[in-house]
Amino acid sequence: MSDEPPVDPGDPSDAPDDPATAPDEHADADESDQPDERGDDSPDGSDAPLDDDSITEGSLLRPLFRLAWPIVVIQLLQVTYNIVDTLYLGRLSAEAVGAISLAFPLIFLLIAVAGGFTTAGAILVAQYTGADGDGSAGLVAGQTIFTVMVLSVFIGIGGYFYTRPALELLPSDADTAATVIPLAADYMEVIFAGIPLMFGFFVFSALMRGYGDTRTPMAVMFISVLLNVLLDPFFIFGFDGNPLFGLLAGVPGLAALDPIGLEATLLSATGITGLGIRGAALATILSRGVATAIGLWVLFGTDYGPDVTLGHLAPDLDFIRDIFRLGLPSSVEQTTSALAMITLTAMIVTFSPPVVAAYGLGNRLISLVFLPAMGLGRAIDTMVGQNLGANRADRAAKAVKFAATTGAGVMFLVAVVAVAFTEPIVGAFLGDVPDAPATIEYAVEYVRIRSVEFAFIGVSQVILGAFRGAGNTKTAMIISILTLWVGRVASVAYLVFVAGWGETGVWVGMALGNVLGAVVGVAWFARGTWTERYIDDPDPGVDPVGDD
């Protein structure tokens, strides 16, 4: 649903060879600042074989890859939710595509309130796991589930009732107000009604990632997405102009079954014409609900993940207070990010519907671009968390440098592909609907301009992941605020309303944000002030965390 779920930082060549402070007592005096081609980092300098799957010993490359690729797949599956919705709603109308692009920032505003606390849970579980504090990890997991699920109920109720008043505040173009905003309201009301079902999977995925298991959430996410793909066309169209039947009619062998005739028969028998954009939201909620149910069963009914029991759900005010202390900056970060997106949306809706639709379509395509960088960033927060928990600040620093370099290179290659094949990719998302040619033209320009920032995205995601993994959520919050409010919002406002660049000012301003964020993030990271672990003691009988 976003440019960069859940949140949308310079030139690394100017950074010191090792951005961390001096290695701790676990480092060998002759150890190189760079991992060798395998990424090996033996803590004792011996030739003894090490477990290549260990996060705190041995190879850097193997655990980084092992953590990152399932996260990339999870995010790809997350984006698949959006792509499937966009593909089907694009066959409904261009206004429906514009509606979901307007809906997301407002939905994300309330999701972000609780989202920071899932981040807190992942950080604490990672550091306790690295410190071999399994009992504390389970208690933190239980308290995180309890806290986030209670918040999600209040968020769902508040969101449902604030949707239409919030949309009415947008200074919309007359056509957009008449055709796009009512559809956005329909979509948002359904999403907010089912928000606890969505949050359950978010918590499960974050806790498992902190523990070092990203494959199990990937498998659960796959089941959920498959269900969404199956439900979407029927919930949106029913049996009236359902594009799935037209697709089946073009498949050799299946055409003989006359899918179009079958659709007409089913429509006559049932009268089901679908729920339109509300159907897309309902399919998402039901699919997420299944993922939440499976995730909770995995945590409480199997040996996967942290050792959490039903007894860990009983409120423990000391742990809840500590989760809030660590999670609040992340919550503020995500909330201010959402407010920045809402502010950008308020500027976008002053344009015509084709520009609004192009903005939403371009963001969905760019969300695919974020996947490799986000995978590395979230893998790094686990690696940094567990290594700091094990008092391996030297290894954490090397992992960050290695991942940032890799991310920049991969994202540069992605930019080349995006520029070369923009037009056919964009065109595939819109059918023969009104305003499609203009929407495609604007979206192509948008994606090509933003490709300039892709390598910076690779660096920024890794740096922010490192700060979060270390428990420095306040630092990540400040960098994100600078990225969005100075780099994006201020740039777009100036280029559009002062410089008079029109829609091109939007595209250019959006690209400047991550460039600024990367420069600030690398400079801050190079200070080496992030290397203290957040937790004090893995014993659950004491205050579980230290000061931020």
Side-chain angles (χ1 to χ4, degrees), residues 6-7 9 19-21 24 41 54-56 60 63-68 71 115-131 133 136-137 140-141 144 205-214 306 322-323 325-327 329-330 333-334 373-404 406-407 458-480 521-522 524-536 538 544-548:
V7 290
T21 55
D24 65 8
D41 182 31
S54 173
I55 292 176
T56 57
L60 289 173
L64 181 64
F65 179 76
R66 178 173 58 84
L67 288 168
I71 295 173
F117 302 105
T118 67
T119 300
I123 293 168
L124 292 174
V125 167
Q127 294 201 13
Y128 277 123
T129 301
S136 295
V140 166
T144 304
S205 183
L207 295 176
M208 294 295 286
R209 185 176 76 247
Y211 187 74
D213 181 354
T214 54
D322 289 323
I323 290 170
R325 184 169 60 184
L326 182 59
S330 287
E333 174 192 347
Q334 295 185 36
M374 181 171 287
L376 287 171
R378 293 191 175 181
I380 276 296
D381 72 32
T382 298
M383 291 192 70
V384 168
Q386 291 204 19
N387 277 287
L388 291 184
N391 291 317
R392 294 299 316 274
D394 59 310
R395 179 175 169 84
K398 290 183 176 68
V400 174
K401 290 181 60 180
F402 184 69
T406 302
V459 176
S460 68
Q461 289 300 297
V462 170
I463 296 297
L464 289 174
F467 283 127
R468 295 187 187 109
N472 293 326
T473 51
K474 293 178 183 177
T475 302
M477 174 189 71
I478 293 170
I479 294 173
S480 292
V522 168
W524 206 319
F525 182 83
R527 298 171 61 209
T529 57
W530 55 275
T531 55
E532 292 294 326
R533 73 180 191 177
Y534 195 80
I535 63 172
D536 287 335
V545 295
D547 294 331
D548 187 1

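- Smallest separation of non-hydrogen atoms from Gly458 and Ala373: CA-CB, 3.8 Å.
- Here CG of Leu326 is found 9.5 Å from CG of Asn472. Values are rounded to the nearest 0.5 Å.
- Within the 4.5 Å cutoff, the side chain of Leu64 has heavy atoms near those of the Met383 side chain.
- Proximity of a side-chain donor or acceptor of Thr382 to a complementary backbone N or O of Gly212 within less than 3.5 Å is not detected.
- The structure places CE of Met477 at 12.5 Å from CZ of Phe467, a figure rounded to the nearest 0.5 Å.
- The minimum heavy-atom distance linking Phe525 with Ala466 is given by the pair CE1-CB, 4.0 Å.
- For the residue pair Ser480 and Glu333, the shortest heavy atom distance occurs at OG-OE2, 2.7 Å.
- Between Gly469 and Gln127, the shortest heavy-atom distance links the atoms O-NE2, 3.0 Å.
- Within the 4.5 Å cutoff, side-chain heavy atoms of Thr473 are placed close to those of Ile123.
- The minimum heavy-atom distance between Asp381 and Gly465, with the atom names listed, is CB-O, 3.1 Å.
- Residues satisfying the side chain to side chain contact (heavy atoms under 4.5 Å, CB included) test with Ala126, not counting sequence neighbours, are Gln386.
- Proximity of Arg378 to Thr214: side-chain heavy atoms (C-beta onward) are nowhere separated by under 4.5 Å.
- When Leu67, Val384, Thr129 are each tested for a side chain to side chain contact (heavy atoms under 4.5 Å, CB included) with Ile55, only one passes: Leu67.
- Between Ala120 and Ile323, the closest heavy-atom pair is CB-O, 3.7 Å.
- A side-chain hydrogen bond (donor to acceptor under 3.5 Å, both in side chains) with Asn387 is found for one member of Lys398, Arg392, Arg395 and no other, namely Arg395.
- Atom CH2 of Trp524 sits about 5.0 Å away from atom OG1 of Thr475, to the nearest 0.5 Å.
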